[in-house]
Amino acid sequence: MAATTRVLQCDPASISFHPPAILPTISSPDTQTAIQAAAHELVHNLRPVAFPTETVYGLGALALDVSATSRIFSTKGRPADNPLIVHVSSFAMLHRLLPPQFILPDTYTALMKHFWPGALTLLFPCDSNTIPSIVTAGQPTVAIRMPSHPVARALIAVSDAPLAAPSANSSGKPSPTRAEHVQRDLEGKISVILDGGACGVGLESTVVDGLQPDGAIRVLRPGGVTVEDIERVLELEMASPPKVLVHKRDYRDDVLEAAPTTPGMKYRHYSPAVPVHLLCTLSVPPSSAQPVDIASYLDSLKASSPRPLKIGVLAPTDSRFATYPLPSDGIEWLRFPLGPSAEPAVAAHGLFDGLLTLERQGADMILIEEIGEEREGLAFMNRVRKAAGESIWLKMD
Ligand code: AMP
Ligand code: MG
């Protein structure tokens, strides 16, 4: 266990890549030193370090070293049956990981052309001679992505090794989108955090399986790259584009759900220490749900505590709950606005930041309002359903 955690500042704008050169050019000496210190920790001490990616902050370790990757699981308290994504900085590094006889499907060529580097993770057949089974949790496939964040890519390139990297938080907590989120959670457990500012996307990558015999693209986990964008690119690049199927929306998979290769299927996920309610104000309630009048709901919250409650609200600025005249007696409202409803990317960017910020501000509970499941809204609602202990359908008229 590391005694002190150093937070090293990095300026992403000082890093540039000029293929075919493998190493980046880093114009800021401080950034250069920080990345070298982190690479030294990874390569020589075999210890994990936290670094920014465009999705969320990652906790990376050498993917091909069992003792290094096992420290990711112990640092996070991550269950051993939840596989890790391997991050590469170049196509040459990707090809070194793949089985020699593997031929890239045309779908992957098209998706990589548009979304790599970026927030898209693809499943590949796992070469068990190369990739330790601790990384894949014994799956026959390995998940790989090439991050676009300059600090992440530079760290992988300077380390000259693929990094296995889940989000840099204790297992079950919301994923960190700023260095201070990582510090608050993992202080004293890791020795280096690279601080490259706030993550652009704010939610994890989209995980795609295009290896099935029917050629369809299966979205195992919605994320930073939207299903609409995947469909658009496949239509653009392919004469007969395959179907894009979203797990749980368009198909079920009993084997997948029994072996929890997609986060949150088996474990509680993304949850702050305080209760989270999902407020449904758009969707039709299922027959099992009993919709509640908003006034009664607010009364029930007040009645649940002898003292005034601090309640955090994560909602779009123009939503039905955000524009409802909320009572100020007995409740102090802490609002974390999620941008206009028409811009789900803003909501996605703010979700984990909002949960962690409201928790730090001392919220007793957090209410998240439902948004439409278009574009980034699909990934947003996927994470919210896993974070929320309860869903409440509100009658608001
Ligand atoms: P994270 O915890 O955000 O790093 O996400 C890692 C997730 O990637 C896992 O929980 C799975 O959802 C997915 N994943 C990684 N490897 C595989 C695999 N071999 N098969 C299916 N999904 C995978
Ligand atoms: Mg995670």
Side-chain angles (χ1 to χ4, degrees), residues 12 15-26 35 38-39 42-43 51-55 58 60-65 69 83-132 135-136 139-166 196 200-201 204-211 215 217-220 223-225 229-230 232-234 236-238 241-242:
I15 302 169
S16 50
F17 289 84
H18 307 280
I22 296 286
L23 285 175
T25 309
I26 305 177
I35 288 175
L42 289 168
V43 175
F51 59 94
T53 82
E54 69 278 22
T55 57
L62 295 192
L64 306 186
D65 186 287
T69 44
L84 304 175
I85 295 172
V86 176
H87 295 68
V88 297
S89 57
S90 66
F91 287 97
M93 195 181 274
L94 167 72
H95 287 291
R96 287 202 292 275
L97 295 176
L98 300 180
Q101 70 283 8
F102 176 67
I103 298 166
L104 273 185
D106 292 344
T107 47
Y108 278 21
T109 309
L111 293 173
M112 285 156 82
K113 177 176 162 195
H114 288 262
F115 301 120
W116 274 30
L120 181 72
T121 296
L122 297 170
L123 294 199
F124 294 90
C126 176
D127 185 347
S128 56
N129 296 318
T130 310
I131 298 171
V135 170
T136 60
Q139 303 288 317
T141 51
V142 57
I144 306 183
R145 122 175 152 90
M146 187 191 289
S148 64
H149 196 293
V151 174
R153 248 182 112 187
L155 179 63
I156 302 164
V158 170
S159 304
D160 192 21
L163 298 182
V201 176
E204 297 85 348
S205 62
T206 305
V207 180
V208 158
D209 177 2
L211 298 177
I217 288 294
R218 287 177 172 74
V219 176
L220 305 186
V225 171
D229 280 342
I230 290 174
R232 182 182 51 76
V233 157
L234 293 171
L236 183 76
E237 296 287 343
M238 301 192 64

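Heads up: numbering here begins at 1 and tracks the sequence. Heavy atoms only: backbone and side chains are in, while hydrogens, waters and symmetry mates are out.
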K.L.:
Does any non-hydrogen side-chain atom of V88 lie less than 4.5 Å from one of P147?
P.N.:
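They are not in contact (no side-chain heavy atoms under 4.5 Å apart), so the answer is no.
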K.L.:
Is any side-chain heavy atom of L104 closer than 4.5 Å to a side-chain heavy atom of F124?
P.N.:
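Of all side-chain heavy-atom pairs linking F124 with L104, at least one is under 4.5 Å.
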K.L.:
Working note: L62 + T69, criterion side chain to side chain contact (heavy atoms under 4.5 Å, CB included); need CA distance, chi angles, decisive distance, verdict.
P.N.:
CA-CA 6 Å; L62 295 192; T69 44; over 6 Å; no
K.L.:
Are any non-hydrogen side-chain atoms of L220 and L123 less than 4.5 angstrom apart?
P.N.:
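Result yes, sub-4.5 Å side-chain heavy-atom pair found.
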K.L.:
Closer than 3.5 angstrom, by distance alone: can the side chain of Y108 be matched with the main-chain N or O of L122 as a donor-acceptor pair?
P.N.:
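Not confirmed, Y108 side chain does not pair with L122 backbone.
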K.L.:
For V208 and T121: C-alpha separation, side-chain torsions, deciding distance, then whether side chain to side chain contact (heavy atoms under 4.5 Å, CB included) applies.
P.N.:
CA-CA 6 Å; V208 158; T121 296; over 6 Å; no
K.L.:
For the residue pair L23 and A157, what are the closest heavy atoms and their distance?
P.N.:
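For L23 versus A157, the nearest heavy atoms are CD2-O, 3.6 Å.
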K.L.:
Taking atom CG of L111 and atom CH2 of W116, what is their separation to the nearest 0.5 Å?
P.N.:
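With rounding to 0.5 Å, CG (L111) is 10.0 Å from CH2 (W116).
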K.L.:
Do you know which two heavy atoms are closest between G60 and A165, and how far apart they sit?
P.N.:
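Of all heavy-atom pairs spanning G60 and A165, the closest is CA-CB, 3.8 Å.
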K.L.:
Listing request: all salt bridge (Lys or Arg N to Asp or Glu O under 4.0 Å) pairs with a residue in residues 92-111, at least two apart in sequence or in separate chains.
P.N.:
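As it turns out, there is no salt bridge (Lys or Arg N to Asp or Glu O under 4.0 Å) pair with a partner in residues 92-111 once direct neighbours are skipped.
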K.L.:
Answer yes if the side chains of R153 and S90 hold a donor-acceptor pair under 3.5 Å, and no otherwise.
P.N.:
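R153 vs S90: no donor-acceptor pair found between side chains.
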K.L.:
Any side-chain donor paired with an acceptor under 3.5 Å for T55 and E204?
P.N.:
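Not at all, the side chains of T55 and E204 share no donor-acceptor pair under 3.5 Å.
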K.L.:
I want to check something: taking the side chain as every heavy atom from C-beta on, are P140 and C126 in contact at a cut-off of under 4.5 Å?
P.N.:
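In short, these two side chains do not touch, never coming nearer than 4.5 Å.
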K.L.:
So, for G215 and P242, which heavy atoms are closest and what is the spacing to 0.1 Å?
P.N.:
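Shortest heavy-atom contact: O-CB, 3.3 Å.
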K.L.:
Please report the interatomic distance OG(S205) to CD1(I85), rounded to the nearest 0.5 Å.
P.N.:
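One gets 4.0 Å once the value is rounded to the nearest 0.5 Å.
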K.L.:
Is any side-chain heavy atom of L42 closer than 4.5 Å to a side-chain heavy atom of L155?
P.N.:
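SC-SC contact between L42 and L155 confirmed.
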K.L.:
Under the 3.5 angstrom rule, does the side chain of E54 hit a backbone N or O of S148 as a donor-acceptor pair?
P.N.:
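Looks like yes, one N/O pair under 3.5 Å.
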K.L.:
I'd like to check I131 versus L64 (side-chain heavy atoms, cut-off strictly below 4.5 Å). Are they in contact?
P.N.:
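Yes, side chains in contact.
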K.L.:
Under the side chain to side chain donor-acceptor pair (under 3.5 Å) rule, collect the residues that match up with S128, sequence neighbours excluded.
P.N.:
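Listed in chain order: nothing, the list is empty.
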K.L.:
Any sub-3.5 Å donor-acceptor pair from R145's side-chain atoms to G118's backbone N or O?
P.N.:
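Side chain of R145 to backbone of G118: a pair is present.
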K.L.:
CG/L84 to CG/L163 distance, rounded to the nearest 0.5 angstrom?
P.N.:
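Going from the CG atom of L84 to the CG atom of L163 covers 11.5 Å.
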K.L.:
Checking the side chain of T206 only, and the main-chain atoms of V225 only, is there a donor and an acceptor separated by less than 3.5 Å?
P.N.:
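At least one qualifying donor-acceptor pair exists.
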K.L.:
So which atom in H149 and which in P12 form the shortest heavy-atom distance, rounded to 0.1 Å?
P.N.:
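For H149 and P12, the tightest heavy-atom pair comes out as CE1-CG, 3.9 Å.
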K.L.:
Which atom names give the shortest non-hydrogen contact between V135 and A63, and what distance separates them?
P.N.:
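For V135 versus A63, the nearest heavy atoms are CG2-O, 3.4 Å.
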K.L.:
Minimum heavy-atom separation for T107 to G210, with atom names?
P.N.:
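What the structure gives for the nearest pair is OG1-O, 4.5 Å.
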K.L.:
Quick one: does E237's side chain get under 4.5 Å of H114's, heavy atoms only?
P.N.:
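E237 reaches H114 side chain to side chain.
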K.L.:
Can you check whether L97 reaches P162 side chain to side chain, under 4.5 Å on heavy atoms?
P.N.:
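Yes - at least one pair of side-chain heavy atoms lies under 4.5 Å apart.
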K.L.:
So, taking the atom named CZ in F17 and the one named OG1 in T25, what distance separates them when rounded to the nearest 0.5 Å?
P.N.:
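Those atoms lie 9.0 Å apart.
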K.L.:
Working to the nearest 0.5 angstrom, can you tell me the gap between M146 CE and T53 OG1?
P.N.:
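One gets 14.0 Å once the value is rounded to the nearest 0.5 Å.
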K.L.:
How many angstroms lie between CD1 in I103 and CG in L98, if you round to the nearest 0.5 Å?
P.N.:
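Result: 12.0 Å between the selected atoms.
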